[in-house]
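Quick notes on the structure that follows.
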Amino acid sequence: MGDTNGQVVAGGNGKGNRLDQLNEPTDVLFDKETDSLIICDRDNQRVVRWSRRSGTTQGEILIDNIECARLAMDAQRYLYISDNYKGEVRRYQIGDTNGTLVAGGNGNGTSLNQFSTPTYIFVDQQQTVYVSDRDNHRVMKWNKGAKEGIVVAGGQGQGNLLTQLGSPEGLFVDTFGTIYVADSSNNRVTRWPKGAKQGTVIVGGNGEGEGANQFHNPIGLSLDRHGNLYVADRDNNRVQRFSIE
């Protein structure tokens, strides 16, 4: 807190596929157990781990040959990876390179057992997997062991009605099962209580723009325990913080 400059903790040696380089990284997790960062190194088609110990100059490959979009980790330290190309989410034990299919895996499509560009993932304490099914304009919930998902937000085609989403991205689910979603092409963040058929706009929704109450393609979000919402406002090249109820 208070720093005006960041420090490089992984990569920083230009774009490339050496172990000291990254190429279009899209997501990162902090693994407390090993004091390391787990990074979705997308255009190198790999997931890598970088120790946070001082003197670390390169990462190690955990999983190779994967079209990694986003990452999540559950309380048991299982790693979840969404794969745009295969339209699936797999769960991995650290050190396992094959993983177990937990959502999708039936090609790209609109059925309840399919995705069309799955991106962000959220996993709760019961290992329920929530996925932003971006090009189907919906958020899907897959209970542990399920063969198909349940639509829990959107799913009524692309649009800006409160029953609709437009290319949903970032995702957060609180302990009450309320879903917060970065509704990116609608330039808003919506909240969907458990079982709700429509969402409410909690920030944005005032058209595309640079104002303090506007976004231009919001893509990632996070909530802290104090009720602060952080939104990666991609095409405005900024991160915004909002205090919400």
Side-chain angles (χ1 to χ4, degrees), residues 27-34 36 38 40 47 62-63 66 68-84 86-106 111-134 136-155 165 168-183 189-200 202 220-230 244-245:
D27 211 354
V28 60
L29 290 173
F30 174 54
D31 180 19
K32 279 191 281 220
E33 196 87 8
T34 57
S36 61
I38 296 174
C40 184
V47 175
L62 290 180
I63 302 161
I66 184 167
C68 170
R70 306 288 171 196
L71 304 169
M73 189 180 268
D74 68 18
Q76 285 80 44
R77 289 187 67 240
Y78 281 99
L79 187 61
Y80 296 74
I81 304 174
S82 58
D83 185 324
N84 279 173
K86 291 181 180 168
E88 66 182 27
V89 177
R90 295 185 88 82
R91 182 179 67 221
Y92 296 81
Q93 237 174 332
I94 302 285
D96 161 29
T97 56
N98 294 320
T100 304
L101 181 71
V102 292
N106 296 294
S111 299
L112 292 177
N113 65 354
Q114 294 178 306
F115 294 116
S116 182
T117 314
T119 57
Y120 285 82
I121 318 164
F122 186 93
V123 185
D124 72 11
Q125 297 289 340
Q126 286 73 47
Q127 294 185 321
T128 305
V129 181
Y130 295 81
V131 185
S132 279
D133 187 8
R134 192 184 71 194
N136 281 327
H137 312 291
R138 64 190 185 185
V139 175
M140 302 293 289
K141 171 183 174 180
W142 288 66
N143 292 312
K144 190 176 180 182
K147 295 288 179 249
E148 61 178 39
I150 302 159
V151 179
V152 287
L165 295 170
E169 294 274 8
L171 194 57
F172 186 90
V173 184
D174 69 16
T175 51
F176 302 107
T178 304
I179 297 160
Y180 297 78
V181 58
D183 191 2
V189 174
T190 55
R191 176 166 59 194
W192 298 68
K194 191 173 186 177
K197 294 288 177 246
Q198 65 176 44
T200 54
I202 54 170
L221 58 78
S222 182
L223 274 114
D224 70 17
R225 63 178 189 270
H226 306 297
N228 292 306
L229 172 71
Y230 300 81
I244 58 170
E245 291 173 8

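Any value given below was found using the heavy atoms of this structure, including those in side chains, with hydrogens, waters and symmetry copies removed.
The closest side-chain heavy-atom distance from Asp174 to Leu223 is not below 4.5 Å. Two residues are said to be in side-chain contact when any heavy atoms from C-beta on lie closer than 4.5 Å; Leu221 and Val189 meet this criterion.
Note on Asp133 versus Arg138: salt bridge recorded, some NZ/NE/NH1/NH2 to OD/OE distance being below 4.0 Å. The existence of a salt bridge linking Asp31 and Arg77 is confirmed by a sub-4.0 Å separation between a basic side-chain nitrogen and an acidic carboxylate oxygen.
Nearest approach of Arg91 to Lys144, heavy atoms of both residues: NH1-CE, 4.4 Å. The two residues Val131 and Pro118 have their closest heavy-atom pair at CG1-CB, 3.7 Å. The shortest non-hydrogen separation linking Asn143 to Ile150 is ND2-CD1, 3.8 Å. Nearest heavy-atom pair, Trp192 versus Val152, reported as atom, atom and distance to 0.1 Å: CE3-O, 3.9 Å. Residue His137 comes nearest to Leu165 through the heavy atom pair CB-O, 3.4 Å, listed as atom of the first residue, atom of the second, then distance. Residues Gln198 and Pro193 approach most closely at O-CD, 4.5 Å, considering heavy atoms.
Taking the six-membered ring wherever Trp is involved, the centroid distance between the rings of Tyr78 and Tyr92 does not fall below 6.0 Å.
Rounded to the nearest 0.5 Å, atoms CG (Asp183) and CD1 (Ile202) are 11.0 Å apart. Considering OH of Tyr80 and CG of Leu29, their distance stands at 12.0 Å, rounded to 0.5 Å.
Inspection of the Gln127 and Asp74 side chains reveals an N or O donor paired with an N or O acceptor under 3.5 Å.
Sparse packing is recorded around CD of Gln125, with 12 or fewer heavy atoms of other residues, nucleotides or ligands lying under 6.0 Å away.
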